[in-house]
Amino acid sequence: MADDDRLNHIGGKEIPAASGATLPLIDPATGLPPGTAPRSGPEDVDAACRAAEEAFHGWSVTTPAQRQAALLRIADALEREAGAVASAEVADTGKPRALFLGDELPAIVDVLRYFAGAARNLPGAAAAEYTPGRTSVLRREPVGVCAQITPWNYPLMMAVWKIAPALAAGNTVVLKPSDSTPSSAVLLARLAAEHLPSGVLNVVCGDRDTGRSLVAHPDVRLVAVTGSVRAGQEIAAAAAGDLKRLHLELGGNAPVLIHADADLDDAVEQLSSLSFYNAGQDCTAATRILVDRRIHDSFLARFAERAAGRRPGAPDDEQAAFGPLTNAAQLTHVRGLLDRLPDHAEIVTGGTALPRPGYFHQATVVAGARQEDEIVRSEVFGPVVTVQPFTDESEAFRLANGVPQGLAASVWTRDHDRAMRASRALRTGIVWVNTHGTTVSEMPHGGVRHSGYGSDLSLTGLLDYTQVKHVML
């Protein structure tokens with residue numbers, strides 16, 4: 001996208017920041033600056049929120065069928081403009097173009113189509129008389145203006161996960177994409193503008209100060225964010241003063257339990273791919289693999305061998321397993337964790353950044369790390385996996401649950417009873433059995449503890465964007 005293509009979308013108009021300020025964008029595959037985006041200030045945020053508040057009065061009373069039709073048309077537009085959408089996403093993230101087109105874009109379109117249908121299927125309680133002469137009815141209504149802040153790892157997917165249920169429920173939106181990856185969100189707003197009334201979907205580009213202004217705006221009634229634990233804590237504190245509703249999908253640090261009876265061929269095959277997909281920049285990535293001590297060495301050798309073959313590459317490299325880390329700060333974070341490994345930890349394969357332009361890093365496997373180590377307790381958010389042994393099931397659960405995050409986990413076993421015990425014992429919002437990382441539009445995606453609260457996707461996610469009103473007749 002050219003510089004003048006990356007503009008705020010406010011009240012149906014594409015405009016720069018009122019101050020004229022911009023932020024540089026960096027191509028993570030080259031380290032070069034391909035363009036800029038607006039650095040929006042309080043004036044821009046106020047204009048977007050006022051446009052959303054004004055549009056809410058009309059959009060909130062549209063019929064579910066009307067909202068369904070709009071979302072379906074937006075989904076069709078994304079499919080029709082797949083090439084341009086991929087170019088916008090790849091320019092900011094450096095991810096392989098073929099993987100985005102083959103894996104991510106179809107899933108993004110499916111989310112829009114799912115919520116288009118879900119808009120017409122909101123649950124409600126039947127009217128009834130709970131006291132003589134009075135009939136009670138429950139109305140499920142939209143919340144109002146929703147502020148949504150999305151991350152840089154899946155810019156378009158996370159935007160759609162937030163926008164689709166909010167619009168389906170009758171809310172209006174002000175979206176702030178990550179400062180380093182705004183291009184696909186800007187293009188989404190442009191495509192959606194053909195099918196939505198002005199002000200229903202607004203996009204303001206900017207930095208953390210832009211996000212702070214958005215969270216604090218008095219017209220905002222719900223704040224939804226996908227981001228780090230630190231960001232969630234700051235936003236929760238800021239939203240408390242105005243009692244705004246919150247929807248927080250925060251960091252992950254997913255444990256993977258490999259039992260001695262598991263199908264090791266299948267586990268190695270799946271996890272060697274899923275652990276490093278999107279350069280490990282995934283909050284549900286299989287990052288902490290816990291293996292029964294009896295098969296630990298065998299699994300480690302086979303997994304490390306497969307990981308060594310997972311090669312990073314540029315966006316147009318169709319053989320690349322993953323692309324670069326999305327920004328220089330994340331590469332520095334990953335390098336720091338590896339440089340600070342204690343003496344008892346060993347890098348089995350990988351471990352270095354590639355000596356080329358951009359932010360490429362090898363797929364890396366670390367053995368010998370202990371539960372108290374930084375590499376285990378921190379969310380790496382990069383192509384790095386630790387492998388730890390466990391002696392029995394109770395130790396496996398202790399290690400799996402022994403970190404602050406609680407988004408996702410998986411257990412690999414042929415024993416049904418063991419799988420059921422794990423699904424109960426693992427303190428996460430998602431548990432996969434003999435698979436990892438698969439999401440579907442019909443099922444919720446959310447965490448517990450430091451991974452936040454609220455759910456994306458599913459009917460549960462749609463209900464998060466509604467409020468209940470009791471009417472007594």
Side-chain angles (χ1 to χ4, degrees), residues 95-96 98-100 102-104 153-154 252-314 317-325 334 337-338 345-354 360-369 375-376 379-390 396 399-400 407-414 430-439:
K95 62 181 61 176
L99 290 178
F100 175 78
D103 296 343
E104 293 181 34
N153 58 331
Y154 293 104
N253 193 358
V256 177
L257 281 59
I258 310 288
H259 289 277
D261 67 335
D263 182 338
L264 285 194
D265 290 336
D266 186 46
V268 169
E269 178 67 26
Q270 288 198 54
L271 294 172
S272 62
S273 173
L274 296 169
S275 295
F276 304 108
Y277 187 86
N278 201 34
Q281 298 170 122
D282 188 315
C283 51
T284 64
T287 56
R288 295 188 298 130
I289 301 182
L290 311 174
V291 188
D292 188 303
R293 192 175 299 274
R294 291 170 292 178
I295 61 167
H296 172 271
D297 292 351
S298 174
F299 174 86
L300 177 61
R302 294 167 65 181
F303 180 74
E305 181 181 8
R306 291 302 303 273
R310 306 295 295 176
R311 183 177 59 80
D317 181 353
E318 295 189 359
Q319 303 305 312
F322 56 91
L325 293 162
V334 171
L337 289 171
L338 293 174
E346 172 194 3
I347 295 176
V348 181
T349 189
T352 62
L354 270 60
F360 296 91
H361 197 283
Q362 293 177 314
T364 301
V365 178
V366 176
I375 194 75
V376 171
E379 182 180 29
V380 179
F381 224 60
V384 178
V385 176
T386 60
V387 179
Q388 298 171 260
F390 65 80
L399 296 174
L407 181 57
S410 64
V411 57
W412 300 70
T413 179
R414 290 184 171 95
I430 306 164
V431 176
W432 290 288
V433 178
N434 294 327
T435 188
H436 192 102
T438 302
T439 61

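A pairwise comparison of heavy atoms in A285 and H436 identifies C-NE2, 3.9 Å as the closest pair. Heavy-atom minimum distance, A400 versus L290: N-CD1, 3.7 Å. Closest approach of F381 to L325, counting heavy atoms only: O-CD2, 4.0 Å. Counting all heavy atoms, side chain and backbone alike, I289 lies closest to S275 at CD1-OG, 4.4 Å. Scanning all heavy atoms of the two residues, the minimum distance from P312 to L354 falls at CG-CD2, 3.8 Å. Taking both residues in full, the closest heavy atoms of P324 and G313 are given as CD-O, 4.2 Å, listed atom of the first, atom of the second, then distance.
Within 6.0 Å of the CZ atom in R294, the count of heavy atoms belonging to other residues, nucleotides or ligands does not exceed 12.
Between the side chains of H259 and T413, no donor N or O sits under 3.5 Å from an acceptor N or O.
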Considering only distance and modelled atom types, tabulate donor-acceptor pairs under 3.5 Å from the side chains of residues 299-307, sequence neighbours left out.
unit_1, atom_1, unit_2, atom_2, d
R302, NH2, D265, OD1, 2.1
R306, NH1, E269, OE1, 2.6
R306, NH2, E269, OE1, 3.2

Dump the intermediate steps for side chain to side chain contact (heavy atoms under 4.5 Å, CB included) on T287 and V384, then the final yes or no.
CA-CA 7 Å; T287 56; V384 178; over 6 Å; no
Working note: V385 + F276, criterion side chain to side chain contact (heavy atoms under 4.5 Å, CB included); need CA distance, chi angles, decisive distance, verdict.
CA-CA 8 Å; V385 176; F276 304 108; 3.8 Å; yes
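For the pair K95/E104, a side-chain contact is recorded, criterion being any heavy-atom separation below 4.5 Å from C-beta on. Residues L338 and H361 have side chains in contact (heavy-atom distance under 4.5 Å, counting atoms from C-beta outward). Within the 4.5 Å cutoff, the side chain of Q362 has no heavy atoms near those of the P383 side chain. The closest side-chain heavy-atom distance from I258 to L264 is below 4.5 Å. Side-chain contact between F322 and N278 is absent, with no heavy atoms from C-beta onward closer than 4.5 Å.
Taken to the nearest 0.5 Å, the CG atom of L274 stands 8.5 Å off from the OG1 atom of T284.
The closest donor-acceptor contact from the side chain of E346 to the backbone of A367 lies at 3.5 Å or more, if one exists at all.
In this structure, Y154 has no ring pair (Phe, Tyr, Trp, His ring centres under 6.0 Å) partners at least two apart in sequence or on a different chain.
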